[in-house]
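Data block below; observations after.
Just so you know, these numbers use all the heavy atoms, side chains as well, and skip hydrogens, waters and symmetry mates. Values in this document were obtained by computation on a predicted structure and should not be read as measured data. Start at 1 and go down the list; that is how both ligands and their atoms are numbered.
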Amino acid sequence: RLLMIRHYNLFSLRGAGHCGRVFRKVFCATPEGQAPPRHPRWMGVEPQNTPQPSSASTGLLEAAYQRITAAWVSSAQQLGCMDVHVLGEGDVDTEVLDPAHAVLKLNSGHTIPVVGLGVYLCEPGAQAYEAVLSALRLGYRHIDTAQVYGNESDVGRAVRDSGIPRKDIFVTSKLSIRNWGKSRAQAAIDESLKKLGLDYIDLFLLHAPGSLDTRAETWAVLESYHRQGKLRSIGVSNFGVVHLEKLAQTAQVTPAVNQIELHPFLQWPRLVQYCQSKDIIVEAYSPLAKGQKLDDPTVKQLAQKLNVTPAQLLIRWGIQKGFVSLPKSTVPARQEVNLNVFSITIPDDDMATLDGLEADFVTGWDPIRDAPV
Ligand code: A2P
């Protein structure tokens, strides 16, 4: 997980403490002769001080990269890394191995880390606080909460106590459908900001389609907070195509995301295709089907074949589809496993096998079908 070089980008980790942990897990990302998946939306954040391709001639860049690479290798060795693979230009050219730098670009211009910790069903208080703190220590930089989870204040406290700069953490919350309508929505967003203890929320969603009567007016409130900079990006959750089409009739801002239950057993192909055609990032909640499909024979067999866990296989499937994935776990060891998906490649034929598992399997409520308009 240490180091990769692609044509012009070097991806590193911020902070020496963090480096020590990751450097000890170095291995080559791509089996020989096998190209990693290419998704046009993959991008990396340039580490500071890395020269931009346009700012120097190729020769100068090459020299700069060799210097930086040598410095990284030596610091990795000092940190106890026994096995450093330096991948040459062209060996690997797409994958980002550092979760903090694995991001997608939203239509708002901001970036979103592709794996986030879902804190749905994390009990308010110590459990939610500990879960978020441990995730941040493990390298997560994206936490997904909601007003109805009742744990926004615990999320905010953990974010502050982590000591990680605010700008490096991506926080999502969602407006409960109890707070639909202009004045209620305004009060509820103010309350979320207060509970989280943040000046701005990175991404704020309508939690479900709710009532058509007040949906447009409620979305307009999100737009106004977005214009003020208090909600950096805004989006929706549990919206079907019909809801997105209706919203588009009045919206001034296109939702940046649509967060839906999504895994190989529930794929929403038409909805996903619609979102992607409108530049709306699809976020997968319950990517593990709430743990109910980890024993599925096909999942188990493929996981074994690829030498990964069933949970990693399901998360990675979503990432290779271009989704943001939001696995929930309160157990640090599982959180670590769930984040460690950036060196996995599911080959095309195995992706096709997973695609074949569609079963319209909804693990909880089905707000998309529950709200017909
Ligand atoms: P726990 O919080 O005890 O780890 P989803 O993200 O699809 O909603 O799934 C969440 C469920 O899956 C929770 O019950 C969670 O339990 C469990 N879970 C999360 N990660 C793993 C994992 N790596 N292996 C097994 N179960 C997991």
When you measure from the centre of the six-membered ring of [Y], is the NZ or CZ of [X] under 6.0 Å away and within 45° of the axis?
{"X": "Lys328", "Y": "Tyr120", "value": "no"}
{"X": "Lys174", "Y": "Phe204", "value": "no"}
{"X": "Arg215", "Y": "Phe239", "value": "yes"}

Structural part of Ala289 in contact with ligand 1, heavy atom criterion under 4.0 angstrom: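 Under 4.0 Å from ligand 1, Ala289 contributes backbone atoms alone.
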Region of Leu121 engaging ligand 1 - heavy atom pairs below 4.0 Å: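 Looking at Leu121 and ligand 1, no heavy atom falls under 4.0 Å.
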For Leu104 against Gly322, the heavy-atom pair lying closest together: CD1-O, 3.5 Å
Close N or O approach (Pro327, ligand 1; < 3.5 Å): no
Sub-3.5 Å N/O-N/O distance, Val337 and ligand 1: no
Nearest-0.5 Å distance that lies between atom CG in Leu206 and atom CH2 in Trp180: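 Interatomic distance, Leu206 CG to Trp180 CH2, rounded to 0.5 Å: 4.5 Å.
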Side-chain (Glu358) to main-chain (Gln267) donor-acceptor, under 3.5 angstrom: yes
Derivation of the side chain to side chain contact (heavy atoms under 4.5 Å, CB included) call for Cys122 and Gln127: CA-CA 6 Å; Cys122 281; Gln127 191 187 59; 4.3 Å; yes
Proximal ligand 1 atoms for Ala311, defined as those under 4.0 Å from one of its heavy atoms: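 Contacts of ligand 1 toward Ala311, numbered from 1: 22 (C), 23 (N).
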Distance filter under 4.0 Å to Val331 heavy atoms, resulting ligand 1 atoms: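 Counting atoms of ligand 1 from 1, those under 4.0 Å from Val331 are 3 (O), 4 (O).
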Mutual orientation of the aromatic rings belonging to Phe265 and His263 [parallel < 30°, tilted 30-60°, perpendicular > 60°]: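 Tilted: the ring planes of Phe265 and His263 meet at 30° to 60°.
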Which residue owns the protein heavy atom closest to [atom], what's the atom, and how far is it?
{"atom": "atom 25 (C) of ligand 1", "answer": "Leu294 CD1, 3.4 Å"}
{"atom": "atom 8 (O) of ligand 1", "answer": "Ser286 OG, 3.1 Å"}
{"atom": "atom 4 (O) of ligand 1", "answer": "Ser329 OG, 2.5 Å"}
{"atom": "atom 21 (C) of ligand 1", "answer": "Arg334 CD, 3.6 Å"}

Closest to [atom] among [options] (heavy-atom distance):
{"atom": "atom 19 (C) of ligand 1", "options": "Lys293, Gln335, Lys328", "answer": "Lys328"}
{"atom": "atom 20 (N) of ligand 1", "options": "Asn338, Leu262, Leu117, Leu314", "answer": "Asn338"}
{"atom": "atom 14 (O) of ligand 1", "options": "Glu336, Gln292, Gln312, Lys290", "answer": "Lys290"}

Salt bridge flag under 4.0 Å for residues Asp199 and Arg166: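 Judged by the 4.0 Å cut-off on N to carboxylate O distance, Asp199 and Arg166 do not form a salt bridge.
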